[in-house]
Amino acid sequence: MMQREISSVSEFRLADKTLQKEAKRQSRSIHHAIVLMLLVTGLLGAHVARLVQLQLVEGKQNRERAENNRVRLVPMASNRGKILDRTGKVLAGNNLARSVYLWPREQTPEQWQVTAEKLSPLLKISVAEILEKIEQVEPTSYRPVRLAQGIPPEVFVSLGELIGQMRGVEVRAEANRYYPEKSLAAHVLGYIGEATESDLKANPEYPMGMIVGQMGIEASSNNKIAGVWGDRLIEVNAQNEELRLMGERPPKAGEPVQLTIDLDMQKAAEEGLGSRRGAVVALNVKTGGVMVMASHPTFDPNLFTRKMTKAEWESLQGPENPFLNRAVQGYPPGSTFKIVTSAAGMESGKFPPDSILSTSAYITVGGIDFNEHSGGYGDIGYREALAFSSNTFFYQIGMSIGPEIISKWGHRLGIGPDTDLKLLGLGGGDYGQIPTPADKEKIYKEPWYVGDTVTTAIGQGLVLVTPLEATVMVSSIANGGYRVKPHLLASMTGTPETKPVHTGMKPATVAKIKEGLVAVVTDGTGQGLNDGTIPVTGGKTGTSEIIGQKSHSLYVAFGPADKPEVAIAVVVENGGFGSVAAAPIAKEVFQAYFGKPKTPVSPQESTVISP
């Protein structure tokens, strides 16, 4: 009994302690809740007080500030990298210009129309064109739209009076592409323009108004030249005046690109062509670096750095086709092709370097007379045949070895796809052709005649060679038998992809052809280049007959004769004899390379002139 009482007391005390602990826990919870409620009430009170201050006390002031001030993410255009010639002279650079921008978000679509009508007469851009530019951007975009660039000073002054009346319109100073030599080397440099819709889709990182290359080196090297645009986060007022800079990501300028082009030689070539249609190419015979690539008619790439007038645009669409790069278009090569026929004859084994053939006034094939120059030269070898451009000498070689052998060696010397146009980075262009009987049947659906072989041997008929290929061809003789790979970027020189390839010509073949080409200048049809103003060179004249037109004038050359460094090819459309129109242009290019003396020197002294 006593034990049960003791047990009951113990249980009662334990229960009492448990109740006391529970009461304490409840008391602490109530205390915490009260503290939390007071804290929340205090915070809410502070926010309410601040809201009252902003809305009631300072409401009018803040509404005006929100209306008048804007935070803008201003794009900062990067400077395009310069394009330089092989000596560092600027072919394409930048100068300071002004552009007009509109922030679409700052206006309603109705206001866009009014703004476009005000700007149109000043910018000489139609209202529709301005609206089209604006509508390319999302209405909620924070990005501005460039409406015009390269604004003339007089327009800038007039704009200054209007800008304060048009919210979201501003004139901004930025770099503009500039070609100091105007149309010089335009087919190499190309031109620039704003990124098109397809450009923007293909490159999402491009901002609106991004300038990209549209042709030539400007296009092929755009990734290196363009740089990366930056941004400035600024606050401006209703008058577009900057109040403060909130953040900045500077633009990264594009890298310079150095070409193998020689500015002085390019000038000489283009001045030599003048207003005549044609092309001039010059190569380094050891590396394949293109030192000259001239084509006329041409264009001024500066036209594309601003709004072009209707007359200017129409001038670029004329039948003269100024965008056509004639340096990579095929021409009948005429007698310059006798270099290929010489190589093919010697390498065939049938006509070794010491061969002597009888020439005459003409040969008759299939009832057709194929004439010689000047009534024939008697018994001659390769040296005289090249020096005086004998036709009957090469007719005989061509008929004996056949068109397939001629075509084979023409390709090895650089005519056709073996001269890779992709290395130039210009896009477009054609390859030459030296058809075989099978090719003629396939392309023209006609049989091959013996007369086709005769004309092929002297570079007429179906044969076509581009000025670029003609320069590769003559380079292979100048450098000892290697086919160079033409390229325009100095960074490509000496790399595996531009390493010259041996043509397979024997040293004796190269030596004999080279001897004949030097004889052209010293004794033959190219003596006009042997006046002492330049070192002795080698060359070959050509006159290609064009049905119903005056013949084209051609000349290929290398120099100096003893240690060749540069090769040249010239084509003057409808220029007549090669020695009359084309050869003098080559001479001017040589003079630019070697340095034109103030007074002519004797031929003996000219051999020691160094470049």
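Values below: all heavy atoms of this structure, side chains included; hydrogens, waters and symmetry mates excluded. This chain uses plain numbering: 1 for the first residue, then up along the sequence.
Checked by atom type and distance alone, the side chain of S407 never pairs as donor or acceptor with a backbone atom of P403 at under 3.5 Å. A donor-acceptor pair is defined here as one N or O able to donate and one able to accept, closer than 3.5 Å; no such pair exists between the side chain of S553 and the backbone of V572. Side-chain atoms of T341 do not come within 3.5 Å of backbone N or O of I406 as any donor-acceptor pair. Side chain of D85 to backbone of L263: a donor-acceptor contact under 3.5 angstrom is found. A donor-acceptor pair under 3.5 Å links the side-chain atoms of N479 to the main chain of G481, judged by distance alone. A distance-only check finds a donor-acceptor pair linking the side chain of S544 to the backbone of P332 [under 3.5 Å]. Judged by distance alone, the side chain of T419 and the main-chain N or O of I415 form no donor-acceptor pair under 3.5 Å. Remark: side-chain polar atoms of Q433 are paired, donor with acceptor, to backbone N or O of L462 under 3.5 angstrom. Counting only distance, with no hydrogens or angles, the side chain of E218 and the backbone of Q214 share no donor-acceptor pair below 3.5 Å. Side chain of Q460 to backbone of E545: a donor-acceptor contact under 3.5 angstrom is found.
Between T298 and P322, the shortest heavy-atom distance links the atoms O-CB, 3.3 Å. Residues V292 and V280 share a closest heavy-atom pair of CG1-O, 3.7 Å. In this structure, A581 and G575 approach most closely via the heavy-atom pair CB-O, 3.4 Å.
Contacts of D199 classified as side-chain hydrogen bond (donor to acceptor under 3.5 Å, both in side chains), with partners at least two apart in sequence or in another chain: T196. In this structure N325 satisfies the side-chain hydrogen bond (donor to acceptor under 3.5 Å, both in side chains) test with no other residue, sequence neighbours excluded. Residues meeting the side-chain hydrogen bond (donor to acceptor under 3.5 Å, both in side chains) test with R306, sequence neighbours left out: E312. Applying the ring-ring contact (aromatic ring centres under 6.0 Å, His included) rule to F304 yields the partners Y191; only residues at least two apart in sequence or on another chain are considered. With sequence neighbours excluded, no residue forms a ring-ring contact (aromatic ring centres under 6.0 Å, His included) with F351. Annotation: side-chain hydrogen bond (donor to acceptor under 3.5 Å, both in side chains) contacts of T541 (sequence neighbours excluded): T525. For F590, the ring-ring contact (aromatic ring centres under 6.0 Å, His included) criterion is met by F594, not counting sequence neighbours. Residues satisfying the ring-ring contact (aromatic ring centres under 6.0 Å, His included) test with F393, not counting sequence neighbours, are Y382.
To the nearest 0.5 angstrom, L464 atom CG is 10.5 Å from F337 atom CZ. Atom OG1 of T522 is separated from atom CG of L517 by 10.5 Å, given to the nearest 0.5 angstrom. Here the straight-line distance linking atom CE of M492 with atom OG1 of T260 works out to 9.5 Å at 0.5 Å rounding.
The neighbour count for K82 NZ, taken as heavy atoms of other residues, nucleotides or ligands under 6.0 Å away, does not exceed 12. Remark: K224 NZ is packed, more than 12 non-hydrogen atoms of other residues, nucleotides or ligands lying under 6.0 Å away. A 6.0 Å sphere centred on OH of Y377 holds more than 12 heavy atoms belonging to other residues, nucleotides or ligands.
Checking D439 against T436 by side-chain atom types alone, a donor-acceptor pair falls below 3.5 Å. Under the 3.5 Å distance criterion, with hydrogens and angles disregarded, no donor-acceptor pair is assigned to the side chains of S390 and E384. Under the 3.5 Å distance criterion, with hydrogens and angles disregarded, a donor-acceptor pair is assigned to the side chains of S335 and S389. With no hydrogens or angles considered, no side-chain donor-acceptor pair links R276 and N574 at under 3.5 Å.
Counting only residues at least two apart or on different chains, no salt bridge (charged side-chain N to carboxylate O under 4.0 Å, His left out) pair has a member in residues 467-496. The stretch residues 260-272 participates, sequence neighbours left out, in these salt bridge (charged side-chain N to carboxylate O under 4.0 Å, His left out) pairs: R86-D262, K89-D264, E181-K267. Applying the salt bridge (charged side-chain N to carboxylate O under 4.0 Å, His left out) test to pairs two or more places apart or on separate chains, those with a residue in residues 327-355 are E347-K506.
In this structure, the side chains of T287 and T498 stay at 4.5 Å or more apart for every pair of heavy atoms. By the 4.5 Å heavy-atom criterion applied to side chains, T537 and K587 are not counted as neighbours. Annotation: side chain of V465 is not in contact with side chain of M473 (no heavy-atom distance under 4.5 Å). A 4.5 Å side-chain heavy-atom check between F370 and T455 finds at least one atom pair inside the cut-off. Within the 4.5 Å cutoff, the side chain of I217 has heavy atoms near those of the L259 side chain. Contact of the Y593 side chain with the I568 side chain is not registered, since no non-hydrogen atoms from C-beta on lie closer than 4.5 Å. For the pair V536/N530, a side-chain contact is recorded, criterion being any heavy-atom separation below 4.5 Å from C-beta on.
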From CA spacing to verdict: side chain to side chain contact (heavy atoms under 4.5 Å, CB included), V90, L84: CA-CA 5 Å; V90 177; L84 311 171; 3.9 Å; yes
Chi angles and distances behind the side chain to side chain donor-acceptor pair (under 3.5 Å) call for W448, T453: CA-CA 8 Å; W448 186 270; T453 303; 2.9 Å; yes
Worked check of side chain to side chain contact (heavy atoms under 4.5 Å, CB included) between T471 and F558: CA-CA 9 Å; T471 320; F558 64 84; over 6 Å; no
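Screening K550, Q549, R326, H552 for a side-chain hydrogen bond (donor to acceptor under 3.5 Å, both in side chains) involving E573 leaves a single residue, R326.
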N/O donor to acceptor pairs below 3.5 angstrom from side-chain atoms of residues 423-431, sequence neighbours left out:
none

